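Order of the sequence lines fixes the chain letters, A, B, ..., with proteins taken first and strands second; residue numbering starts at 1 for each chain. All values reported here derive from a predicted model rather than from experimental measurement.
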Amino acid sequence: MLIPFTGPFDLITTLESGQAFRWRREEEWLTGVVFDNIIRTRRTAEGVEFECAPDDETAIAPLFRDYLRLDDDLEAICDRIRVDDRIGAALRRYPGLRVLRQEPWECLISFICSANNNVKRISVNVEDIADGFGRPLALRECRRSAFPSPAELAQVEEGELRELGLGFRAKYVAGAARIVAAGDLDLFALREADYDEALAALTTLPGVGDKVANCVLLMSLDKREAFPVDVWIDRALREWYPEHMVRVDGKPLTRAAMRPWAQAYFGEFAGYANQYLFQGRRLLGRRGDQS
DNA sequence: AGCCAGGCCCTCC
DNA sequence: GGAGGGCCTGGC
């Protein structure tokens, strides 16, 4: 089925930008698991082509379109965040890169798993959680698993998660699952809450600090002003905005201070700026200079 | 061998 | 509020 779309959108770059961890690529095709479906998709000149299972494509199409945020006016957003030539260079380098609108629950657990971890192993962790405790899915010869619901994951012991290789994150995942499953935190309700309230709610969860919370807020809870500061953003800002990264006493800004600075500097779509800065700096490598 | 990976949490100042 | 250290695991 085709989702018609002729605007700016780079499907491969977006799905491989480290926002989501379950997409796998073969040539121009990407296969992932969203909305309890295996989805196989590619970009064409006419739009986004996809097939899915087990649900009907007509049922999944609007959800998948929403997931890809095709209704966001990307050019207008980029115009808003292009406040200098430094962010401007990153915007030019990755045309069509979008921020996803993911499922909050999986997004939350994924980024709890991201703590002091690398993208490759995060992907393995998330896949192992699904294979271990989620429903099996099939699309043609492809076999994957749905991401387990809060109720399903809440029944899993920390020890079982450690056996999967989650390490110290196992305790956080198990703890967060129990809280969400118990109804003590309604993730979807946070889409209606304002940024500060949603941030405060998320950071009550174990394993969720400012960085993880901002990832979940940006990538699944509609808070486009969210600005997660990780090691890559830390490097990007210090290298590209050095004059703004020193306090009046001469000491460097802490990460806690970098976020509000960036939100004020880039404005209401700071999260989009974050994604372009992240992409730009991450692809330079650990010690790479800008070139 | 040692450091690093999309941090969080706890302790101490 | 801010600095420092520990933490599972795997790769280079």
Side-chain angles (χ1 to χ4, degrees), chain A residues 13-23 90 94 97 99-100 102 106-129 132 156-177 179 199-220 223 226-240 245-262 270-288:
Chain A
T13 297
T14 298
L15 294 184
E16 293 188 338
S17 62
Q19 301 182 59
F21 300 94
R22 298 200 70 189
W23 292 100
Y94 307 103
L97 172 62
V99 173
L100 296 170
Q102 301 182 235
E106 178 179 331
C107 188
L108 169 68
I109 297 301
S110 296
F111 281 101
I112 288 177
C113 290
S114 77
N116 202 276
N117 206 345
N118 57 69
V119 174
K120 185 176 185 179
R121 199 158 74 96
I122 298 166
S123 303
V124 171
N125 290 158
V126 174
E127 199 72 17
D128 285 347
I129 290 172
V156 177
E157 300 291 334
E158 174 190 339
E160 298 179 77
L161 294 168
R162 277 193 176 260
E163 287 172 14
L164 286 184
L166 290 195
F168 60 85
R169 307 161 197 86
K171 189 193 320 179
Y172 302 150
V173 170
I179 292 171
L199 175 62
L202 283 179
T203 50
T204 64
L205 294 171
V208 181
D210 195 84
K211 188 274 174 183
V212 169
N214 272 275
C215 283
V216 177
L217 290 170
L218 174 63
M219 299 169 192
S220 74
K223 305 298 183 282
F227 195 93
V229 180
D230 56 44
V231 51
W232 298 109
I233 291 295
D234 185 301
R235 288 174 185 147
L237 294 183
R238 292 190 198 289
E239 292 173 16
W240 299 340
M245 292 300 118
V246 289
R247 309 190 303 196
V248 288
D249 63 7
K251 293 181 180 177
L253 259 63
T254 63
R255 286 193 186 179
M258 294 167 79
R259 175 173 64 75
W261 172 80
Y272 260 91
N274 184 286
Q275 194 56 223
Y276 283 90
L277 292 170
F278 174 78
Q279 183 82 352
R281 187 60 189 80
R282 186 169 72 103
L283 296 187
L284 286 180
R286 191 152 52 82
R287 26 184 305 124

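If you take atom P in B/dT11 and the same atom in C/dC8, they sit 15 Å apart, rounded to whole Å. For B/dC8 and C/dG11, the P atoms lie 24 Å apart once the distance is rounded to whole Å. One P atom belongs to C/dG2, the other to B/dA5, and the distance between them is 23 Å to the nearest Å.
A distance below 6.0 Å separates the ring centres of A/F21 and A/F111.
In this structure, the separation between CD1 on A/I233 and CZ on A/F278 is 7.0 Å, given to the nearest 0.5 Å. To the nearest 0.5 Å, atoms CZ (A/R282) and CG (A/D230) are separated by 9.5 Å.
A/V208 comes within contact range of the sugar-phosphate backbone alone, with a heavy-atom separation under 4.0 Å but no base atom that close. Nucleic acid contact for A/Q275: none, since no nucleic acid atom lies under 4.0 Å from a heavy atom of the residue. Among the atoms of the strands shown, base atoms are found under 4.0 Å from some heavy atom of A/S17. Using a 4.0 Å heavy-atom cutoff across all strands shown, A/V212 reaches sugar-phosphate atoms only and no base atom. Using a 4.0 Å heavy-atom criterion, one finds that A/L253 contacts no nucleic acid atom at all.
Picking from C/dG2, B/dG7, C/dG10 the nucleotide with the shortest atom distance to the side chain of A/R121 gives C/dG10. Checking C/dC8, B/dC8, C/dG2 against every side-chain atom of A/T254, the shortest atom distance belongs to C/dG2. Side chain of A/R169, nearest nucleotide from B/dC4, B/dG7, C/dC8: C/dC8. Closest approach to the A/N118 side chain among B/dC8, C/dC8, B/dA5 is made by B/dA5 (side chain taken as heavy atoms from C-beta onward).
One donor-acceptor pair, N or O on each side, does fall under 3.5 Å between the base of B/dA5 and the side chain of A/N116.
A/N274 contributes no side-chain N or O that, together with a main-chain N or O of A/A270, makes up a donor-acceptor pair within less than 3.5 Å. Looking only at distances, a side-chain donor or acceptor of A/R169 sits under 3.5 Å from a matching main-chain atom of A/N116.
In this structure, the CG atom of A/L205 is 15 Å from the C1' atom of B/dG7, given to the nearest Å. The nearest whole Å value for the distance from the CD1 atom in A/I122 to the P atom in C/dC8 is 18 Å. Distance CD1 (A/I112) to C1' (C/dT9): 18 Å, rounded to an integer number of Å. Atom-to-atom, CG of A/D210 to P of C/dG1 comes out at 14 Å; the value is rounded to the nearest Å. Rounded to an integer number of Å, the gap from A/R255 CZ to B/dC9 P is 15 Å. Atom CD1 in A/I109 sits roughly 14 Å away from atom P in B/dC8 (whole-Å rounding). Put simply, NZ on A/K251 is 14 Å from P on C/dG1, counting in whole angstrom units. With rounding to whole Å, A/W232 atom CH2 is found 12 Å from B/dC4 atom P.
Base pairing annotation: B/dA5 forms a Watson-Crick or G-U wobble pair with C/dT9, both donor-acceptor distances under 3.5 Å.
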Checklist entry - So A/V229 and A/K211, side chain to side chain contact (heavy atoms under 4.5 Å, CB included) or not? Walk me through it. => result CA-CA 6 Å; A/V229 180; A/K211 188 274 174 183; 5.7 Å; no

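Side-chain nitrogen and oxygen atoms of A/R235 include at least one within less than 4.0 Å of the OP1 or OP2 phosphate oxygen of B/dA5.
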